[in-house]
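Heads up: the structure comes next, in structure tokens.
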Amino acid sequence: MKMIVAVVQDKDSGKLSQALVKSGFRATKLASTGGFLRAGNTTFLVGTEDEQVSEVLEIIKQSCKSRKQMVTPVSPLGSAVDSFLPYPVEVQVGGAAVFVLDVEQFHSY
């Protein structure tokens, strides 16, 4: 058995959730924050059999696309003012960070 942990952008969360349910996979969704933009993310926990991992990974790949976005970075505290860029920059956001972990035991009560 495997545990798939997928961190996705909030914009892709609904699409991924629907695709997993449609394909018969159950997932736990957790609100999370992080990354360069400190933007909202959703972390999905999906427990599945070893032979279904590739199917779940394909669903994630199809549901979570990266995109470019213009952002104005926030000045980090404690850094030099001369290194701060006060104008918008284009960054790539979205996609998914996915971890596949071995599960030693699974119990459902």
Side-chain angles (χ1 to χ4, degrees):
M1 181 162 233
K2 302 288 186 187
M3 170 66 70
I4 299 171
V5 179
V7 181
V8 305
Q9 190 177 33
D10 279 344
K11 287 184 179 181
D12 297 324
S13 174
K15 184 177 180 181
L16 177 57
S17 184
Q18 289 177 356
L20 288 169
V21 169
K22 184 177 179 180
S23 297
F25 294 102
R26 294 171 44 188
T28 299
K29 291 172 42 175
L30 305 171
S32 52
T33 305
F36 167 69
L37 302 176
R38 291 177 176 63
N41 296 319
T42 302
T43 300
F44 286 82
L45 304 176
V46 183
T48 188
E49 299 298 330
D50 292 8
E51 56 273 1
Q52 294 180 307
V53 169
S54 60
E55 185 179 352
V56 174
L57 293 177
E58 186 60 30
I59 292 168
I60 295 169
K61 183 178 178 181
Q62 293 301 316
S63 301
C64 304
K65 302 292 184 186
S66 62
R67 58 188 72 73
K68 293 186 180 197
Q69 178 178 324
M70 294 298 288
V71 298
T72 303
V74 177
S75 174
L77 297 175
S79 68
V81 175
D82 58 347
S83 66
F84 173 63
L85 302 173
Y87 51 87
V89 293
E90 187 176 65
V91 296
Q92 187 167 331
V93 298
V98 183
F99 305 89
V100 180
L101 311 166
D102 288 323
V103 174
E104 188 173 315
Q105 292 184 16
F106 169 75
H107 304 278
S108 181
Y109 304 109

Between atom [atom1] of [X] and atom [atom2] of [Y], what is the distance when rounded to the nearest 0.5 Å?
{"X": "L16", "Y": "T42", "atom1": "CG", "atom2": "OG1", "value": "9.0 Å"}
{"X": "I60", "Y": "D12", "atom1": "CD1", "atom2": "CG", "value": "11.5 Å"}
{"X": "F44", "Y": "S13", "atom1": "CZ", "atom2": "OG", "value": "3.5 Å"}
{"X": "I59", "Y": "C64", "atom1": "CD1", "atom2": "SG", "value": "11.0 Å"}

Counterpart residues, side chain to side chain contact (heavy atoms under 4.5 Å, CB included), relative to K15 (two or more places apart):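 Applying side chain to side chain contact (heavy atoms under 4.5 Å, CB included) to K15 gives S63.
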Side chain to side chain contact (heavy atoms under 4.5 Å, CB included) against Q18, all qualifying residues, sequence neighbours excluded: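 Per chain and number, Q18 pairs via side chain to side chain contact (heavy atoms under 4.5 Å, CB included) with no residue.
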Within one Ile-Leu-Val-Met-Phe-Trp-Tyr cluster: V98 and V7, side-chain cutoff 4.5 Å: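 Looking at the clustering, V7 is in a separate group from V98.
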Single-linkage hydrophobic cluster L20~V53, side-chain heavy atoms < 4.5 angstrom: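 The answer is yes; both residues are in one hydrophobic cluster.
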Other ILVMFWY residues reachable from F106 by side-chain steps of under 4.5 Å: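 In the cluster with F106 are M1, M3, V5, L30, L45, F99, L101, V103.
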Any pair counted as salt bridge (Lys or Arg N to Asp or Glu O under 4.0 Å), so long as it reaches residues 98-109, sequence neighbours left out: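 Checked against salt bridge (Lys or Arg N to Asp or Glu O under 4.0 Å) - neighbours excluded - the pairs reaching residues 98-109 are K2-D102.
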Under the salt bridge (charged side-chain N to carboxylate O under 4.0 Å, His left out) test, residues paired with K29 that sit two or more places apart: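 K29 satisfies salt bridge (charged side-chain N to carboxylate O under 4.0 Å, His left out) with no residue once adjacent residues are dropped.
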Partners passing side chain to side chain donor-acceptor pair (under 3.5 Å) against E58 (at least two apart in sequence or in another chain):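 Scan of E58 (side chain to side chain donor-acceptor pair (under 3.5 Å), adjacent residues dropped) gives Q62.
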